[in-house]
Undergrad: 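My structure is below; once you've seen it, I'll send some questions.
These values consider heavy atoms only, across backbone and side chains, with no hydrogens, waters or symmetry-generated copies.
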Amino acid sequence: MNAKKNLFAVALIFSSFALSAQAFKLDLKKEIVIGSVALTGEIFHNVYERTVSDTKWDGKVYDKDDVNAFDRQFMHAYNKPLNAVGNVMMGVIPVSVLAINAYFIYKNYELTDLLTETVMAAETFLLAHTAPHVIKPLVSRIRPYNYFSAVDNPQKSDWNHSFFSGHTSMAFAGATFGSYTFCKWFPDSKLKIPVIAISYTLATFTGISRLYAGCHFATDVLVGAAVGTAIGFFVPWLHTLNTKDTQIALLPNGVTVKKIL
């Protein structure tokens with residue numbers, strides 16, 4: 001009798017693991033579609049860069065009067081330190097999002113939930129990285145620093161890849177993803193407001209740094225923020241469970257499975 005109870009308890013443990021209260025759930029079909037889209041974009045970007053995209057900047061200084069009135073108000077010459085800051089922030093936000101959410105999920109949920117969060121984060125940042133790299137060479141917009149003195153301007157192959165800001169896209173994707181998933185995993189946490197506020201403050205700072213570094217126009221940053229926000233919300237939203245959370249309880253007279261309202 002005891003052996004049967006022990007076997008039943010083991011089976012129950014595995015069942016409760018599979019049906020543990022979750023905010024998100026992986027689905028092989030969704031992961032294949034998302035991964036395929038991102039991979040296709042990356043392949044297109046690399047092929048286009050190697051075969052079609054323009055070469056290095058030729059040193060020409062462009063006329064500011066050719067820029068629309070809105071963007072012209074926020075144009076800046078190249079600033080190397082701010083450019084470096086933007087590069088650092090683009091990496092800091094994704095790492096911070098993963099670290100903070102992973103820590104709390106590990107403390108409160110199962111390892112499968114941590115895996116779910118990690119996969120969703122990887123998909124989010126991959127799409128946020130791919131989207132601007134697909135659009136940039138097609139639009140071929142000259143960066144703001146090319147409208148100022150040729151001195152100290154970075155002569156790189158992406159001198160005409162201004163639209164839209166990839167750094168800002170990544171930053172806002174991270175801020176939105178981190179805020180959205182944290183609030184779903186921990187709806188009663190007192191840390192929700194601080195997490196959201198800090199995430200978007202860092203993302204905004206990243207966008208501003210790209211503007212004042214002379215690497216992007218205001219519209220590049222605004223579109224990057226919008227695209228990043230959309231991706232940061234859309235990916236985890238796709239993984240949201242459509243059914244109620246299920247709870248399994250072992251009672252003296254047997255097992256009960258109920259929906260948590």
Undergrad: Are Y78 and N83 side-chain neighbours, meaning at least one heavy-atom pair lies under 4.5 Å?
TA: yes
Undergrad: Do S162 and P144 come close enough that some side-chain heavy atom pair is under 4.5 Å?
TA: yes
Undergrad: Going through the distances and angles, do D66 and D63 end up as a side-chain contact (heavy atoms from CB on, under 4.5 Å)?
TA: CA-CA 6 Å; D66 293 335; D63 189 353; 3.6 Å; yes
Undergrad: Quick one, T240 with Y180, criterion side-chain contact (heavy atoms from CB on, under 4.5 Å). Give me CA distance, side-chain angles, the key distance, then yes/no.
TA: CA-CA 11 Å; T240 301; Y180 181 78; 3.5 Å; yes
Undergrad: Enter the distance from I135:CD1 to F164:CZ here, rounded to the nearest 0.5 Å.
TA: 6.0 Å
Undergrad: With heavy-atom distances below 4.5 Å as the criterion, would you say the side chains of H239 and K25 are in contact?
TA: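 They are not in side-chain contact.
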Undergrad: Could you tell me whether the side chain of H167 reaches within less than 4.5 Å of the side chain of N87, counting heavy atoms only?
TA: yes
Undergrad: Can you check whether N160's main-chain N or O pairs, donor with acceptor, with R143's side chain at less than 3.5 Å?
TA: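 Checking the backbone N and O of N160 against the side chain of R143, no donor-acceptor pair under 3.5 Å is found.
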Undergrad: Can you tell me how far apart CG (L39) and CD1 (I34) are? Round to the nearest 0.5 Å.
TA: 13.5 Å
Undergrad: Quick one: pull up OG1 in T118 and CG in D113 and give me the separation to the nearest 0.5 Å.
TA: 10.5 Å
Undergrad: Once rounded to the nearest 0.5 Å, what's the spacing between atom CG of L26 and atom CG of L115?
TA: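 So the CG of L26 and the CG of L115 are separated by 6.0 Å.
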Undergrad: Might you point out which heavy atoms bring F233 and T176 nearest each other, and give the distance in Å?
TA: N-CG2, 3.6 Å
Undergrad: Can you check whether F125 reaches I231 side chain to side chain, under 4.5 Å on heavy atoms?
TA: no
Undergrad: Report yes or no: do V85 and L211 belong to one cluster of Ile/Leu/Val/Met/Phe/Trp/Tyr joined by side chain heavy-atom distances under 4.5 Å?
TA: no
Undergrad: Keeping D158 on the side-chain end and H161 on the backbone end, is there a donor-acceptor pair under 3.5 Å?
TA: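 Here the side-chain-to-backbone pair does not exist.
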Undergrad: Is there a donor-acceptor pair under 3.5 Å between the side chain of K192 and the backbone N or O of P187?
TA: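 It does hold such a pair.
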Undergrad: Contact between E31 and V119 at the side-chain level, heavy atoms closer than 4.5 Å - yes or no?
TA: yes
Undergrad: Decide whether Y103 and F186 are clustered together by the hydrophobic rule: side chain heavy atoms of Ile, Leu, Val, Met, Phe, Trp, Tyr closer than 4.5 Å, transitively.
TA: yes
Undergrad: Minimum heavy-atom separation for P132 to G166, with atom names?
TA: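 Heavy atoms of P132 and G166 come nearest at CG-CA, 3.6 Å.
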Undergrad: Which atoms form the tightest heavy-atom contact between A218 and F74, and what is the distance?
TA: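 Distance-wise, the nearest heavy atoms are CB-CD1, 3.9 Å.
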Undergrad: What verdict does the side-chain contact (heavy atoms from CB on, under 4.5 Å) test give for K136 and F163, after you've listed the backbone C-alpha separation in whole Å, the side-chain angles of each residue and the deciding distance to 0.1 Å?
TA: CA-CA 5 Å; K136 284 181 177 184; F163 185 85; 5.9 Å; no
Undergrad: Within this structure, what is the CZ-OG distance for the pair F104 and S189, rounded to the nearest 0.5 Å?
TA: 6.5 Å
Undergrad: Calculate, to the nearest 0.5 Å, the distance between atoms OG1 and CD1 belonging to T112 and I105 respectively.
TA: 10.5 Å
Undergrad: What verdict does the side-chain hydrogen bond (donor to acceptor under 3.5 Å, both in side chains) test give for T219 and R141, after you've listed the backbone C-alpha separation in whole Å, the side-chain angles of each residue and the deciding distance to 0.1 Å?
TA: CA-CA 11 Å; T219 48; R141 188 181 196 185; 2.9 Å; yes
Undergrad: Using a 3.5 Å cut-off and no angle test, enumerate the donor-acceptor pairs between side-chain atoms of residues 88-96 and protein atoms at least two apart in sequence or in another chain.
TA:
{"unit_1": "S96", "atom_1": "OG", "unit_2": "V92", "atom_2": "O", "d": "2.7"}

Undergrad: Same hydrophobic cluster for L126 and M170, using side-chain heavy-atom links shorter than 4.5 Å among ILVMFWY?
TA: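 Looking at the clustering, M170 is in a separate group from L126.
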Undergrad: I'd like to know whether OH of Y106 has more than 12 heavy-atom contacts from other residues, nucleotides or ligands below 6.0 angstrom.
TA: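 No, the 6.0 Å shell around OH holds no more than 12 heavy atoms from other groups.
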Undergrad: Can you list the steps and then say if W159 with Y145 is a ring pair (Phe, Tyr, Trp, His ring centres under 6.0 Å)?
TA: CA-CA 9 Å; W159 62 277; Y145 59 66; 8.9 Å; no
Undergrad: Let's go through Y147 and V61 carefully: what are the C-alpha distance in whole Å and the side-chain angles of both, what is the deciding distance for side-chain contact (heavy atoms from CB on, under 4.5 Å) to 0.1 Å, and is it a yes or a no?
TA: CA-CA 5 Å; Y147 292 86; V61 178; 5.6 Å; no
Undergrad: Between I198 and L98, is there a shared hydrophobic cluster once you connect ILVMFWY residues whose side-chain heavy atoms come closer than 4.5 Å?
TA: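 I198 does not cluster with L98.
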Undergrad: Minimum heavy-atom separation for G232 to T124, with atom names?
TA: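 Heavy atoms of G232 and T124 come nearest at CA-CG2, 3.9 Å.
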Undergrad: Indicate yes or no for a side-chain donor-acceptor contact from N79 to the backbone of L82 under 3.5 Å, with no hydrogens or angles considered.
TA: yes
Undergrad: Apply ring pair (Phe, Tyr, Trp, His ring centres under 6.0 Å) to Y109 and W185, showing your working.
TA: CA-CA 9 Å; Y109 287 93; W185 287 117; 4.8 Å; yes
Undergrad: Does any part of the side chain of L138, heavy atoms only, come nearer than 4.5 Å to the side chain of F44, both counted from C-beta?
TA: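 Yes, at least one pair of side-chain atoms sits under 4.5 Å.
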Undergrad: Is there a donor-acceptor pair closer than 3.5 Å between any side-chain N or O of D220 and the backbone N or O of F217?
TA: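 Side chain of D220 to backbone of F217, a donor-acceptor pair under 3.5 Å: yes, one is there.
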Undergrad: Under 4.5 Å between side-chain heavy atoms, hopping through other hydrophobics if needed: is there a path connecting V223 to V139?
TA: yes
Undergrad: Is there a side-chain contact between F234 and T229 (heavy atoms, below 4.5 Å)?
TA: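 They are not in contact (no side-chain heavy atoms under 4.5 Å apart), so the answer is no.
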Undergrad: Looking at F24, is its backbone amide N or carbonyl O close enough to the side chain of K184 to form a donor-acceptor pair, meaning the two atoms are under 3.5 Å apart?
TA: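 Here the side-chain-to-backbone pair does not exist.
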Undergrad: Applying side chain to side chain contact (heavy atoms under 4.5 Å, CB included) between V221 and each of I208, T168, T204, T206, report the one that passes.
TA: T168
Undergrad: Measure across A131 and V227 and return the closest heavy-atom pair with its distance rounded to 0.1 Å.
TA: CB-CG1, 4.3 Å
Undergrad: Using links of under 4.5 Å between side-chain heavy atoms of ILVMFWY residues, direct or through other members, which residues join I196 in one cluster?
TA: F172, Y200
Undergrad: Which atoms form the tightest heavy-atom contact between G41 and T130, and what is the distance?
TA: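 Heavy atoms of G41 and T130 come nearest at CA-CG2, 3.4 Å.
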